[in-house]
> 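Structure below; questions to follow.
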Protein chains: 2
Amino acid sequence: MEELTITGVTESVVQYLRIYIIEGELAPGQKLNELELSSRLGISRPPLREAFRILENENMVVSIPRKGCYVTELSIDDCRQIYRAREIIEYGTIDCLKAKNIRDLPEVASALELAEQRSSTSSDDSQIEAVRSRNPFPYFHIKLVESTENNWLIRFYNTIAPTLARYQFMCYVPDILSKVQEEHKQMLDLIKKGKYASAKKLLRAHINWYVKFLENRMK
Amino acid sequence: MEELTITGVTESVVQYLRIYIIEGELAPGQKLNELELSSRLGISRPPLREAFRILENENMVVSIPRKGCYVTELSIDDCRQIYRAREIIEYGTIDCLKAKNIRDLPEVASALELAEQRSSTSSDDSQIEAVRSRNPFPYFHIKLVESTENNWLIRFYNTIAPTLARYQFMCYVPDILSKVQEEHKQMLDLIKKGKYASAKKLLRAHINWYVKFLENRMK
DNA sequence: CAGATATATATTGTCTACAATAAACATTCA
DNA sequence: TGAATGTTTATTGTAGACAATATATATCTG
């Protein structure tokens, strides 16, 4: 864990801790000692504490008053909950699109293309690379939610995205990439045709399958 | 704005600022000067800054790096967005209840009773009193969302609740209380009968009506 | 030897002070 | 007189130090 640059300390720390929590280098349940961490990162405690508050809202860490800050534990139960929450957001997203009769989603389409390029060219480490890069979160879904132009919905998704990334990272296998990709393509297609209800069904099936997959891997 | 007590400074500051932003004593767009605010509250800047980070996640304040922290502006557009987001969450809530076949909601029912008692006994200032009290947010809806036992969904609702309270406070008129109360009762009844789809419809109508009401008042 | 209590240590919570940056003002030049 | 630039002032960002509390350890007692 190398030192940070000079400017925007709090935000930099947030990004760093996010990555390391997602990758498990900061393990679930691990205590984050303020003095140790701040000295290791070459910063002081106040900005670190501000970073904790931000990460706390994402449920990446849990802060217990007068005790300390801990990396949030992962569990099958929480996994079910967060994917159910994601489903609800994306259901709402599709409803929004339907209400506005939006069918063309250029941003989502280009995100999909980008992902396709990446999966065809890169090695098995692509997920790890993606996580390490500045924006480790699934572009497709973010762009989809962003297309609603509902800032609160977008905010919700950004809140759960880091934890979603934790589960995905923990259970990563390259095999499923093509399946996921294919289903994303189908979904975009269904929306383009205005078949919003079908898109929802596909989404639900997709999530249910994925949660089962994660559950099996987690045991 | 009186001084604070000694313990749990950050959380106390959050609560205080929440209330004052909701009531408009800290007006939309107003700059929150760290030095001025901290001295006025009798605290130092670090915990105030931590409080800012928490309020930032609720979109109660907007923090611009190296410029400062501002009370988030309200707008008709944002109002539409947040109530659409609320609808999505509550739709998801009802879906959860349906999936688990939950019909009895004792917590929600008692919240409703409590509200009824309050509306019948108290004066026109009840809303203001409610806001000033420790838990100013609409119990009915919180208890409803909590009944899903989905911590992420609950987190979402708690995120939007303060801003919902701002719109409600801004446009408060005692007349609508009985109507709102009545519709809550109906909704609880529909859920008890397992008529989840009807509950959804009622919810949508309720929200659409309320947003229209708010829009008119805001002009 | 086990349990409870007291002490010591480590860690969080908070405050004060310094540094860097942005904004406001005045001054100068066209 | 207006605009641009330099200087001053105010405010945010960060660091380091102090205080309070919780935890761990050691000692004492039953």
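Residue numbers begin at 1 in each chain, while the letters A, B, ... track the order of the sequences. In this text the structure is predicted, and so the values were computed from the model without any measurement.
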> Nearest whole angstrom, please: distance from the C1' of C:dG13 to the CD1 of B:Ile43.
12 Å
> Could you tell me how far apart A:Ile64 (CD1) and D:dA22 (P) are, to the nearest whole angstrom?
13 Å
> Are the charged groups of B:Arg84 and B:Glu87 less than 4.0 angstrom apart, N to O?
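Salt bridge present between B:Arg84 and B:Glu87.
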> Given D:dT11, C:dT14, C:dT16, which nucleotide is nearest the side-chain atoms of B:Asn33?
D:dT11
> Determine whether a donor-acceptor pair (N or O, by modelled atom type, separation under 3.5 Å) exists between the side chain of B:Thr148 and the backbone of B:Thr93.
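Looks like no, no N/O pair under 3.5 Å.
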> Let me know the distance between CG of A:Leu35 and P of D:dA22, rounded to the nearest Å.
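Result: 19 Å.
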> Under 3.5 Å, is there an N or O donor on one side and an acceptor on the other linking the side chain of A:Arg49 and the base of C:dG13?
no
> Please give, in whole Å, the distance from C:dA17 C1' to B:Arg45 CZ?
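Those two atoms, CZ and C1', are 10 Å apart.
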> Counting side-chain heavy atoms from C-beta on, which of D:dG13, C:dT14, C:dC15 comes nearest to B:Arg66?
D:dG13
> Among C:dT14, C:dT12, D:dT23, find the nucleotide with the atom closest to the side chain of A:Lys67.
D:dT23
> Which one, D:dA17, D:dT11, C:dC15, comes nearest to the side chain of B:Lys31?
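For the B:Lys31 side chain, the nearest candidate turns out to be D:dT11.
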> Please determine whether a side-chain nitrogen of the Lys or Arg among B:Arg80 and B:Glu215 lies less than 4.0 Å from a carboxylate oxygen of the Asp or Glu.
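Looking at B:Glu215 together with B:Arg80, the answer is yes, because their closest N to O distance falls below 4.0 Å.
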> Calculate the interatomic distance between B:Phe52 atom CZ and D:dG13 atom P; express it in whole Å.
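Rounded to whole Å, this separation is 10 Å.
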> Identify, with sequence neighbours excluded, every residue that meets side chain to side chain contact (heavy atoms under 4.5 Å, CB included) alongside A:Asn216.
A:Lys219
> Hey, which sits more toward the 5' end of DNA chain C by its nearest nucleotide, B:Pro65 or B:Pro47?
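Result: B:Pro47.
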> Determine the contact category for A:Leu32: base if any of its heavy atoms lies under 4.0 Å from a base atom, sugar-phosphate if only primed atoms, P, OP1 or OP2 are that close, otherwise nothing.
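Touches sugar-phosphate only.
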> To the nearest angstrom, how far is A:Glu50 atom CD from C:dT12 atom P?
17 Å
> Rounded to whole Å, how long is the line connecting atom CD of A:Glu34 with atom P of D:dA22?
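Atom CD in A:Glu34 sits about 15 Å away from atom P in D:dA22.
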> Distance-only, no hydrogens or angles: does the B:Gln168 side chain make a donor-acceptor pair with backbone N or O of B:Ala165 under 3.5 Å?
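Checked: no pair found.
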> How long is the line joining CD of B:Glu11 and C1' of C:dT14, in whole Å?
16 Å
